[in-house]
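All values below come from the heavy atoms of this structure, side chains included, with hydrogens, waters and symmetry mates left out. One-based numbering, in listed order, for ligands and for the atoms of each. Along the sequence shown, the residues carry numbers beginning at 1.
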Amino acid sequence: MEIVHTISDLQTKLNALRQNNKSVGLVPTMGALHEGHLSLIKRCRTDNDVAVVSVFVNPTQFNNPNDLATYPRDLDADAALVNAEGVDLLFAPSPEDIYSNEEINHRFEFDFQGLDKVMEGKQRPGHFNGVVQIVSKLFQLTNPTRAYFGEKDFQQIAVIRLMVKTLGFNLDIIACPIIREASGLAKSSRNQLLSDDQKVLASNIFKVLKESLNFASKMSPLNLSQWVTENINAHKGLEVEYFEIVNADTLQTISDWNDASSVVGCVTVHCGNVRLIDNIKYKG
Ligand code: PAF
């Protein structure tokens with residue numbers, strides 16, 4: 001596996017690898033790789049002739065400087081994991097390699113058609129502008145046949161699909177299922193920031209989500225939202241930021257189960273200083 005840091009090295013190596021119309025798969029990541037990422041990488045390796053992984057903690061998608069400063073980083077460990085999966089190219093640029101001063105200091109403009117006004121977008125203004133900025137740049141630089149994203153970031157996938165359509169990228173977005181700890185806790189780079197006790201505590205998020213499936217036919221979406229919020233908050237040390245039951249395509253809250261053919265419940269919970277997200281499919 002080759003590790004490249006600059007755009008020109010990336011393009012030289014990639015041009016050599018993609019000769020004879022070979023398919024290229026891209027897994028964009030922010031590093032601190034875990035089994036969730038590895039499942040995306042394995043799928044990418046299976047589907048494509050050439051597999052590229054990017055590791056870049058994208059500063060423009062963080063709206064909280066402390067969150068950016070404490071985001072876990074370990075390129076050597078990431079490179080060893082990616083190499084073991086048989087990936088061809090690891091792209092690990094620095095912010096200066098990727099962005100001009102102008103790009104880093106001005107919010108990337110994009111019409112999200114409302115997708116940025118709910119849930120993560122509402123709580124983290126500008127977050128999805130940064131995501132679209134970096135993902136569109138990575139797509140331009142690597143021109144992949146397919147790109148892989150985890151369903152834990154459910155809203156992010158919807159935003160990226162819209163971006164692909166709006167900007168006219170010719171590639172497939174492949175959404176891969178959430179990978180969980182044995183306890184049910186969704187795998188996340190941020191789990192590294194949890195103590196052992198907090199990991200046990202945080203496993204209650206999925207326990208409550210899973211239990212809520214039993215009530216989906218008996219309660220209205222609004223009542224079920226309240227039930228989930230109360231039952232997660234009942235665990236001292238967990239605090240729900242939002243739980244919303246939404247149309248999986250538009251991400252708008254539903255008031256009746258018949259409002260959408262595909263319905264998902266999305267949650268963000270604070271466990272100490274760590275912000276954890278998860279979701280569960282109710283329908284579709
Ligand atoms: O999901 C992530 O890790 C990031 O948002 C992504 C897609 C790599 C863009 O920085």
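Arg180 forms a cation-pi arrangement with Phe206, by the criterion of a distance under 6.0 Å to the ring centre and an angle within 45° of the ring axis.
For ligand 1, the atoms closer than 4.0 angstrom to any heavy atom of Met30 are 3 (O), 4 (C), 8 (C), 10 (O). Every atom of ligand 1 with a heavy atom of Ile134 under 4.0 Å away is listed here by number and element: 9 (C), 10 (O).
Looking only at atom types and distance, the side chain of Asn58 has a donor-acceptor partner in the side chain of Tyr99 under 3.5 Å away.
No more than 12 heavy atoms of other residues, nucleotides or ligands shown are found within 6.0 angstrom of CD on Glu35.
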Check your understanding: Would Thr12 and Asp9 satisfy side chain to side chain donor-acceptor pair (under 3.5 Å), going step by step from the backbone distance to the final call?
Key -> CA-CA 5 Å; Thr12 309; Asp9 283 351; 5.1 Å; no
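In terms of N/O distances under 3.5 Å, ligand 1 is not approached by Asn58.
The existence of a salt bridge linking Lys199 and Glu181 is excluded, since no basic side-chain nitrogen approaches an acidic carboxylate oxygen closer than 4.0 Å. Residues Glu241 and Arg124 are not paired through a salt bridge, judged by the lack of any N-O separation under 4.0 Å between the basic side chain and the carboxylate.
In terms of protein heavy atoms, atom 10 (O) of ligand 1 is closest to Gln61 OE1, 2.6 Å. When only non-hydrogen protein atoms are considered, atom 5 (O) of ligand 1 lies nearest to Gln156 OE1, 2.7 Å.
Under 4.0 Å from ligand 1, the heavy atoms of Thr29 that appear belong solely to its backbone.
Of the candidates Gly31, Gly36, Pro28, Pro28 brings a heavy atom nearest to atom 8 (C) of ligand 1.
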